[in-house]
Amino acid sequence: MAKKDGKKRGSKPAGKRGSKPGGKSAGKSGGTSVPSVSDLLRVPAGTVDLAGLRTKPGPGPKDEAAARNEIASIAERLSELQERLYAQGRAGGSRRLLLVCQGMDTSGKGGVMRHVVGLMDPQGCAITAFKAPTKEELAHDFLWRIRLRLPGPGMVGVFDRSHYEDVLVVRVRELAPRPVVSRRYATINRFEQRLVDSGTTVVKVMLHLSAAEQRRRLLDRLDDPSKHWKYNPRDVDERALWQPYREAYEIALEKCNTPAAPWYVVPSDAKWYRDWAITRLLVEHLEAMDLGWPAATFDVAAERARVESS
Ligand code: AMP
Ligand code: MG
């Protein structure tokens, strides 16, 4: 007898812990020859040299049209996986996903929100943009405001900037004593390990932009009145600190690149490649969670009979 389960909505046991994302599952998520974007973009263990990591498009779609096509073709998969996660959360499951986005000004964090996170059901997503801390936030430890914004069960939490600012801008601008900053890497690793242990898949992406591309984007914002709202004169002050930021990123990427919560460096000079890569990363991580639909908590046949006779 033919199975009733469609290929899309086939059920798997809920609540099963997933494996690491990898080549195994990548075939389901798109049409390019890249085996796994997780493998491709994952930062190798050890010292990080950002100059050695590409900012320009790499393996994968060759141009914008191909990338947008592929994004469109995997959007449905992404959306279904997110719905499974959300459904599990509603049914008492504990799993969730946290996407952490870091990058220099103009690197495209806002674009990722619109073009990638925007592919998912807004009911299941919670985006937080972290700005300079308020007085109240500063009165607490640096993870306080982060904890308040962690995704609940079934949710996809998205951080536009994050606790990493406390080892990036805070380090570069010397907003806290160096020994305090130095202790934070281990604190972050313990914090993220606990998140993972309690059912959160943590996906950390650094949007890797070249200085030349940032310059182009800043000029573009100045030349187009519809982009003036995005331009912040202070961005030019931060740009002047490109090298210290580079170093701060390299240290954070090295020290907080744990097996539980690894870093991915996403080439971001081309917006289409950035969007394609992060869409794939999300699909791969959600697939590795092996999410099934929650089982009915009622007698389906009996309910069907009741509805039919109603
Ligand atoms: P934007 O993301 O461009 O809207 O800018 C937000 C600003 O808030 C950036 O300049 C960040 O560096 C700054 N910011 C975010 N988190 C922190 C933090 N923990 N300490 C100091 N500044 C921060
Ligand atoms: Mg900015």
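Worth knowing before you read on, the calculation uses all heavy atoms, side chains too, and leaves out hydrogens, waters and symmetry mates.
Residue Trp276 comes nearest to Gly60 through the heavy atom pair CH2-CA, 3.8 Å, listed as atom of the first residue, atom of the second, then distance.
Put simply, the side chain of Glu238 never gets that close to the backbone of Met104: no donor and acceptor are under 3.5 Å apart. Using modelled atom types, no side-chain atom of Glu213 and backbone atom of Ser210 make a donor-acceptor pair closer than 3.5 Å. In terms of modelled atom types and a separation under 3.5 Å, the side chain of Gln88 and the main chain of Gly292 share a donor-acceptor contact. Checked by atom type and distance alone, the side chain of Ser198 pairs as donor or acceptor with a backbone atom of Arg194 at under 3.5 Å.
Residues Asp235 and Lys230 are not paired through a salt bridge, judged by the lack of any N-O separation under 4.0 Å between the basic side chain and the carboxylate. Of the charged side-chain nitrogens involved, none lies within less than 4.0 Å of a carboxylate oxygen, so that Glu136 and Arg145 do not count as a salt-bridged pair. The existence of a salt bridge linking Arg246 and Glu250 is excluded, since no basic side-chain nitrogen approaches an acidic carboxylate oxygen closer than 4.0 Å. Taking a cutoff of 4.0 Å between a charged side-chain nitrogen and a carboxylate oxygen, Glu70 and Arg280 qualify as a salt bridge. Salt-bridge check for Arg68 with Glu64: passed, with a basic side-chain N closer than 4.0 Å to an acidic carboxylate O. A salt bridge between Asp105 and Arg239 is absent, with no side-chain N of the basic residue lying under 4.0 Å from a carboxylate O of the acidic one.
Put simply, CG on Asp220 and CG on Leu222 are 9.0 Å apart, with the number rounded to the nearest 0.5 Å. Here the straight-line distance linking atom CG of Leu209 with atom NZ of Lys271 works out to 10.0 Å at 0.5 Å rounding. Here Ile278 contributes atom CD1 and Leu207 contributes atom CG; the two are 5.0 Å apart, rounded to the nearest 0.5 Å. Taken to the nearest 0.5 Å, the NZ atom of Lys131 stands 11.0 Å off from the OG1 atom of Thr128. To the nearest 0.5 angstrom, Leu175 atom CG is 11.5 Å from Leu168 atom CG. Here NZ of Lys255 is found 7.5 Å from OG of Ser182. Values are rounded to the nearest 0.5 Å.
When the ring-ring contact (aromatic ring centres under 6.0 Å, His included) test is applied to Phe142, no partner is found at least two apart in sequence or on another chain. Every residue two or more places apart in sequence or in another chain that forms a side-chain hydrogen bond (donor to acceptor under 3.5 Å, both in side chains) with Asp121 is listed here: Gln123.
Aromatic pair Tyr264/His208: centroids not less than 6.0 angstrom apart.
Remark: Glu174 CD is loosely packed, at most 12 non-hydrogen atoms of other residues, nucleotides or ligands lying under 6.0 Å away.
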